[in-house]
Amino acid sequence: MKETNGDDHNATATIQPDREAQPVDNESPPRIAFPVIGIGASAGGLEAFSDFLAGVRPDSGMAFVFIQHLPPTGESMLTEILSKRMPLKVIEVEDGMLVSPNHVYVIRPGHTLTIGGGVLHLGERLARPMHNRPVDDFFKSLAAEQRQRAVGIIISGMGSNGTAGAQTIKAIGDICIAQEPETAQFSSIPQ
């Protein structure tokens, strides 16, 4: 992998074998030396995400990846909105970004997002109007990448996006947290 400092977010990664199928042991430790927190949401997620990050210290040593299920058409103001609400550096994901601690990464609308080799991989823009699993896609790749150091959080939203990804994270022994449904603006995803 290309060596970079914390502010250089473009990197080249080597292809690694699928670790999801491998047992967790000392020979397959997490690839990133700090916790990467995946946070999945859809409707009502912005408020819950902002509230969550309000309690995070800017020097926490963690990276946060916000995967909000957004319509594939148009652009999003999510990065600008979040930048005004929190002290952490907020970045809209570009393909090949190296993950750094004390940063918030935001998915682009209409794309899938995965992580591998310490790098965020943005899928091609989706041509069809509905891709119902961006949270599942990211959580599954996070489990394979970070093994026992991955954390998945499900917050406000409708539907079931994130359920399969959360099950993958739990199966490897990682941590999954869901917002209390009664505190969520839309409770079907946290349930």
Side-chain angles (χ1 to χ4, degrees), residues 1-22 24-41 49 53 56 58-70 72 75-76 78-80 82-83 86 88-126 131 133-154 161-162 164-166 168-169 171-176:
M1 184 179 346
K2 175 181 160 185
E3 288 260 340
T4 62
N5 66 30
D7 291 329
D8 182 2
H9 291 283
N10 292 319
T12 307
T14 57
I15 302 214
Q16 301 282 334
D18 179 19
R19 293 166 25 115
E20 194 173 318
Q22 300 173 5
V24 175
D25 59 27
N26 290 335
E27 294 182 23
S28 59
R31 288 195 176 125
I32 302 173
F34 51 87
V36 177
I37 317 299
I39 303 173
F49 184 61
L53 284 181
V56 175
D59 61 348
S60 68
M62 296 181 273
F64 301 90
V65 182
F66 186 47
I67 307 97
Q68 187 171 26
H69 188 171
L70 298 168
E75 295 301 314
S76 170
L78 191 56
T79 303
E80 291 79 14
L82 290 172
S83 292
M86 58 197 62
L88 296 167
K89 186 170 184 174
V90 181
I91 303 167
E92 187 172 69
V93 173
E94 292 181 21
D95 188 42
M97 279 187 161
L98 187 65
V99 179
S100 298
N102 307 317
H103 285 71
V104 175
Y105 300 92
V106 179
I107 191 171
R108 288 179 181 263
H111 293 270
T112 58
L113 180 65
T114 58
I115 186 169
V119 174
L120 294 170
H121 301 282
L122 194 64
E124 294 293 320
R125 181 171 275 284
L126 299 167
H131 176 72
R133 299 285 171 222
V135 180
D136 284 332
D137 294 342
F138 185 77
F139 279 8
K140 288 176 182 179
S141 70
L142 181 62
E145 175 80 355
Q146 283 299 90
R147 310 291 283 169
Q148 66 273 18
R149 197 176 283 158
V151 177
I153 300 174
I154 301 288
N161 186 14
T168 302
I169 288 173
I172 292 178
D174 299 336
I175 298 171
C176 285

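Bear in mind that the values here come from a model prediction, so they are computed numbers and not experimental data.
Atom CG in L113 sits 5.5 Å away from atom CG in L120 (nearest 0.5 Å). Here the CD1 atom belonging to I37 is positioned 10.5 Å from the CZ atom belonging to R149, to the nearest 0.5 angstrom. Separating the OG1 atom in T114 from the CZ atom in F139 is a distance of 14.0 Å, to the nearest 0.5 Å. Between the CD1 atom in I67 and the CG atom in L142 there is a gap of 8.0 Å [rounded to 0.5 Å]. Rounding to the nearest 0.5 Å gives a distance of 7.5 Å between CG of D136 and OG1 of T168.
Proximity of a side-chain donor or acceptor of Q68 to a complementary backbone N or O of P109 within less than 3.5 Å is not detected. In terms of modelled atom types and a separation under 3.5 Å, the side chain of H103 and the main chain of A63 share no donor-acceptor contact. Remark: the backbone N or O of P35 is not paired with any side-chain donor or acceptor of Q146 at under 3.5 angstrom. In this structure, the side chain of R108 does not engage the main chain of E92 through any donor-acceptor pair within 3.5 Å.
Taking both residues in full, the closest heavy atoms of V90 and S83 are given as CB-OG, 3.5 Å, listed atom of the first, atom of the second, then distance. For the pair L122 and D95, the tightest heavy-atom approach, listed with the atom from each and the gap, is N-OD1, 3.0 Å.
Residues I107 and F138 are not in side-chain contact: their nearest non-hydrogen atoms beyond the backbone lie 4.5 Å or more apart. The side-chain heavy atoms of V36 and M62, taken from C-beta on, include no pair separated by under 4.5 Å. The shortest side-chain heavy-atom distance between V99 and Y105 falls under the 4.5 Å cut-off. For the pair F34 and S60, the minimum side-chain heavy-atom distance is 4.5 Å or more. Inter-residue side-chain proximity for I115 and V65 is flagged as unmet; no heavy-atom pair is nearer than 4.5 Å.
The ring-ring contact (aromatic ring centres under 6.0 Å, His included) search around F66 returns F49, not counting sequence neighbours.
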I32/E145 under side chain to side chain contact (heavy atoms under 4.5 Å, CB included): CA gap, chis, key distance, verdict: CA-CA 8 Å; I32 302 173; E145 175 80 355; 3.8 Å; yes
